[in-house]
Amino acid sequence: MTHPEPQAYEETEIIWRGIVLTIRYAPNWCATVGMGHIEVISDARQVSPITQTGYKSHFIHAEQVSQFGSAAQYVVAWLEQEAKAESWKRHEAEARQLSLF
């Protein structure tokens with residue numbers, strides 16, 4: 001029995017609102033159905049609007065990612081969308097308040 005080869009991940013580092021994020025993307029995670037895999041890992045496992053643990057694993061059709069140009073651009077759009085939530089706005093406000101003391 002042969003096993004499929006592990007998929008190669010493209011890795012990009014970005015800074016989003018002061019949070020260092022590593023984005024790993026395998027566009028052909030499951031090529032037979034066009035499924036890709038994105039991992040988002042924050043430095044020191046900081047929370048973000050898409051994860052409370054600093055790690056997010058997300059399966060997505062590769063064509064959805066390509067509509068944004070790259071996995072990093074997709075993740076930034078995803079973060080910006082989720083950052084509109086009141087819970088994230090409160091989190092950011094509390095973090096700013098703490099930095100004053």
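For this chain, numbers begin at 1 and follow the sequence in order. Side-chain atoms are counted along with the backbone in the values below, which use heavy atoms only and exclude waters and symmetry mates.
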| message | side chain to side chain contact (heavy atoms under 4.5 Å, CB included) for Tyr55 and Val40? Distances and angles first, verdict last. | response | CA-CA 6 Å; Tyr55 175 82; Val40 182; over 6 Å; no
| task | Could you give me the CA-CA distance, side-chain angles and deciding distance for Thr22 and Thr12, then say whether side chain to side chain contact (heavy atoms under 4.5 Å, CB included) is met? | result | CA-CA 6 Å; Thr22 300; Thr12 307; over 6 Å; no
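Taking all atoms of both residues into account, the shortest heavy-atom contact from Glu10 to Pro27 is OE2-CG, 3.7 Å. The two atoms that bring Pro49 and Glu82 nearest to each other are CB-CB, 3.6 Å, heavy atoms only. Taking every heavy atom of both residues into account, Arg17 and Ala83 meet most closely at NH1-CB, 3.7 Å. Counting all heavy atoms, side chain and backbone alike, Ala72 lies closest to Ile14 at CB-CG2, 4.2 Å.
To the nearest 0.5 Å, the span separating CD1 on Ile41 from NZ on Lys56 amounts to 13.5 Å. The distance from the OG1 atom of Thr51 to the CG atom of Leu79 is 10.5 Å, given to the nearest 0.5 Å.
A salt bridge is absent between Arg24 and Glu13: the closest approach of a Lys/Arg side-chain nitrogen to an acidic carboxylate oxygen does not fall below 4.0 angstrom. The pair Glu92-Lys89 does not count as a salt bridge, with every side-chain nitrogen at least 4.0 angstrom from each carboxylate oxygen.
Residues Ile15 and Leu21 are not in side-chain contact: their nearest non-hydrogen atoms beyond the backbone lie 4.5 Å or more apart. Ile23 places none of its side-chain heavy atoms less than 4.5 Å from the side chain of Tyr74. Looking at heavy atoms from C-beta onward, Trp16 lies in side-chain contact with Glu80 at the 4.5 angstrom threshold. Using a 4.5 Å cut-off on side-chain heavy atoms (C-beta onward), Ser42 and Val20 make no contact.
Between the side chain of Ser66 and the backbone N or O of Gly69, no donor-acceptor pair lies under 3.5 Å.
Using a 30° and 60° split on the angle between ring planes, His58 and Trp78 fall in the tilted class, from 30° to 60°. Between Tyr9 and His37, the two ring planes are perpendicular [angle over 60°; tilted spans 30° to 60°].
Cluster membership check: Trp29 does not share its hydrophobic cluster with Ile38, using side-chain heavy-atom separations under 4.5 Å among Ile, Leu, Val, Met, Phe, Trp and Tyr. With hydrophobic clusters built from ILVMFWY side chains whose heavy atoms lie under 4.5 angstrom apart, Ile50 shares a cluster with Phe68. Under a hydrophobic-cluster definition in which Ile, Leu, Val, Met, Phe, Trp and Tyr are linked whenever side-chain heavy atoms come within less than 4.5 Å, directly or via other members, Ile60 and Val75 are assigned to the same cluster.
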